[in-house]
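Sequential numbering from 1 along the given sequence is applied to the chain's residues. On a predicted model such as this, the values are computed, not experimentally measured, just so you know.
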Amino acid sequence: PGTNVNVISHPPQQQQQHHVHYSYQQQPAGRTVLYPYVQSVSVMEPQAATYVVQAPNVLSTADVQQQQHYVVVQHTLDGQVILAPTASSTTINPNSNAFSYLSTTSSVFQQPHIELGTDSSRKSSQKGRGANIKSADNKQSSKLRGEKNSTGRKQPALLPEGADSPTSLLEEYKRTSKSREWTVRNQVKGHVVEFCQDQNGSRFLQSQLDADNTHVEGPLILQEILENMSAVKNDVFGNYVLQKILDRGNEEMRSKLWFALKGEVMELSLQMYSCRVVQKAVEKLSDENLFDLIEEFRGNVLQLIEDQNGNHVCQKLIEALSKRSKSSMSHDNMDAYSRSIDFIIGDVIANLSRLSCHPYGCRVLQRILEHCVRPQANMVLDEISKVKVVLLGDQYGNYVIQHVLQYGRTQDREGILKLVLEPENGILKLSRQKFASNVVEKLLKYGNSEQRRKLLVEMLKEVKDEETDGQKSYVVLLMVRDPYANYVVQTLLDVAPDGDERQKLLSILNANAEKLRSYTFAKHIVTKLFD
């Protein structure tokens, strides 16, 4: 209900942290009343509770054991107000920009609202009950910078009154970047992580890495990121900075970054943004570090493949290692690259039917057929041939069969052609199916002349037309009227070999052109005939 604001304890890296969500409701006179979703929050000494709210007048209904005052310690640039509890409810020293906020009991609607302003009005508040929110020195809270709240958004830092906002440098960059020159060394040092988490700041750091021919800016950027890697590696903007370090940095920088990620590769591969960092690492790391990276996936291949993010990492592994293997001048290195992904190929073969019919698994199989060295690809092709009947009409498996036709061996195409021509299947039946029709099209496109001729002969056979009370017709005339099979005929017109069979095909279509115009899908064929 309502818009969430968050109550978080600091510093989370030292003691237990508790999160409580509040929804707020606008009240008369511009006040906002907070309702806790749970009735208690435990904040351990010596931590301070920090309230980040959207409105300047707040009455909290959080149950408390003692009267609790909150003072505004910062107005952020985006219009937020940051509150922190004072050390004592009787010692408040607000200035013109700092107002105190009083918490009331949960029956706030039955009680008069406490007016904001004088100390005497604050002291008249009744004591609450239930929750244990302990006060802490406000100065300690003001040292906290850049924590994240329970929604994952970055929490503005608490600063002493009068201090600059942590975003002030970033805002200054946005205002002046076109009128003055900025560098990490002279202006941004100490604020790199903050810049990483902002779209404009991230782009600035990437541009500095692109232009860092002397490798001065890059090491400074990397040093600060390594000190707070958790805030950057899966950040929507920060991940691009890490990718750029891998892409443009020297070998020393890549190695330092790799060692910071080492041991977490599987976890990172399953996350939306950090999986992109892993993919770039696969492309750019040295052989030694890359082999270490690959080993972290051993025993987790299925989980990796079937994950919406992880499958992209697996595809990149297959592509990159196969490319290195094929381009290597050394036979030993060639074998080392291909052997490093043998366990991936083995797990795929052991679960081929399952993965072929999986929305992500079918992609991995396609990359294997496209990129792997011939011995590995042949092992996969042999296993596919055993289950091709199942895959032919599957919504994902048909893509695997299409890749077999494009990247497989002649014998693989012959096996699929035989399957298509079998009486229990037949070219008409399969071409009328949404997914199998794609396979028939690819068979025409990638088959040799003899294979295409066999398909054409099958389409020229006479059959009974059920729409005309069993009158004789041709398979091809039934196909052109079908929403899927008509595409097979269109492909056939493009690739059919010259000869008597092609001439017969054109003769049949031309003789029935006027009749075909009355069918929605056959119109495409007629148009193609007279182009």
Side-chain angles (χ1 to χ4, degrees), residues 246-247 249-252 254-255 257-259 261-266 268-269 275-307 310-356 360-387 400 403-413 415:
L246 289 165
D247 193 32
N250 56 32
E251 192 58 42
E252 181 182 1
R254 292 190 188 107
S255 294
L257 181 54
W258 157 242
F259 284 114
L261 301 175
K262 193 172 183 179
E264 302 178 37
V265 175
M266 183 61 190
L268 296 174
S269 297
C275 75
R276 303 174 186 178
V277 178
V278 177
Q279 290 176 68
K280 183 61 70 172
V282 170
E283 290 181 356
K284 297 296 181 178
L285 288 181
S286 65
D287 290 349
E288 181 181 359
N289 291 335
L290 179 57
F291 292 149
D292 288 342
L293 181 152
I294 295 170
E295 283 300 310
E296 294 198 23
F297 297 116
R298 192 178 289 274
N300 299 297
V301 173
L302 281 182
Q303 182 185 3
L304 184 72
I305 292 176
E306 294 181 343
D307 182 79
N311 81 90
H312 295 290
V313 174
C314 193
Q315 290 181 62
K316 181 62 70 174
L317 283 170
I318 291 166
E319 179 182 348
L321 271 297
S322 299
K323 183 177 179 181
R324 291 195 190 193
S325 179
K326 292 177 181 178
S327 62
S328 175
M329 301 299 294
S330 167
H331 187 272
D332 290 339
N333 287 342
M334 182 185 302
D335 289 342
Y337 294 133
S338 59
R339 283 198 307 270
S340 67
I341 58 172
D342 272 346
F343 71 92
I344 297 177
I345 306 300
D347 285 354
V348 168
I349 291 174
N351 298 274
L352 192 134
S353 294
R354 166 181 168 179
L355 294 177
S356 295
Y360 306 137
C362 70
R363 301 178 188 177
V364 173
L365 275 154
Q366 290 174 64
R367 299 297 88 76
I368 290 175
L369 297 177
E370 289 174 10
H371 300 291
C372 277
V373 295
R374 184 44 58 186
Q376 291 174 330
N378 286 346
M379 288 191 296
V380 173
L381 287 167
D382 290 340
E383 196 66 25
I384 291 174
S385 68
K386 300 175 184 177
V387 294
V400 176
H403 260 59
V404 170
L405 292 168
Q406 183 174 357
Y407 297 98
R409 304 159 294 189
T410 301
Q411 67 193 64
D412 299 310
R413 298 186 189 93

Is there a donor-acceptor pair under 3.5 Å between the side chain of [X] and the backbone N or O of [Y]?
| X | Y | value |
| --- | --- | --- |
| Arg413 | Leu405 | yes |
| Arg363 | Asn311 | no |
| Ser385 | Asp382 | yes |
| Glu383 | Leu352 | no |
| Arg324 | Glu319 | no |
| Arg254 | Leu246 | yes |
| Ser325 | Leu321 | no |

Using the side-chain hydrogen bond (donor to acceptor under 3.5 Å, both in side chains) rule, take His312 and Gln279 through it: C-alpha gap first, then chi angles, then the decisive distance, then the call. CA-CA 8 Å; His312 295 290; Gln279 290 176 68; 5.3 Å; no
Is any side-chain heavy atom of [X] closer than 4.5 Å to a side-chain heavy atom of [Y]?
| X | Y | result |
| --- | --- | --- |
| Ser356 | Cys362 | no |
| Val277 | Leu268 | no |
| Lys316 | Val278 | no |
| Gln315 | Gln366 | no |
| Val348 | Ile305 | yes |
| Leu369 | Ile384 | yes |
| Val301 | Phe343 | yes |

Once you round to the nearest 0.5 Å, how far does [atom1] of [X] lie from [atom2] of [Y]?
| X | Y | atom1 | atom2 | value |
| --- | --- | --- | --- | --- |
| Leu285 | Asp292 | CG | CG | 9.5 Å |
| Ile368 | Cys314 | CD1 | SG | 7.0 Å |
| Glu295 | Leu290 | CD | CG | 10.5 Å |
| Arg374 | Ser338 | CZ | OG | 13.5 Å |
| Glu370 | Leu365 | CD | CG | 11.0 Å |
| Arg298 | Asp347 | CZ | CG | 9.0 Å |

Any carboxylate oxygen within less than 4.0 angstrom of a Lys/Arg side-chain nitrogen, looking at Lys262 and Glu296? no
Shortest non-hydrogen contact between [X] and [Y], atoms and distance:
| X | Y | answer |
| --- | --- | --- |
| Arg409 | Asn378 | CD-OD1, 3.6 Å |
| Asn289 | Ser255 | ND2-OG, 3.6 Å |
| Met379 | Ile349 | CB-CD1, 3.8 Å |
| Cys275 | Val313 | O-CG2, 3.8 Å |
| Leu317 | Ile341 | O-CG2, 4.4 Å |
| Val265 | Trp258 | CG2-CZ3, 3.5 Å |

Side chain to side chain contact (heavy atoms under 4.5 Å, CB included) assessment of Arg339 paired with Gln376: CA-CA 10 Å; Arg339 283 198 307 270; Gln376 291 174 330; over 6 Å; no
If you draw a 6.0 Å radius around CD in Glu288, do more than 12 non-hydrogen atoms from other residues or ligands fall strictly inside? no
Would the number of heavy atoms belonging to other residues, nucleotides or ligands and lying under 6.0 Å from NZ of Lys323 be above 12? no
Under 3.5 Å, is there a donor-acceptor pair linking the side chains of Tyr337 and Asp287?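 Yes - a donor-acceptor pair under 3.5 Å links their side chains.
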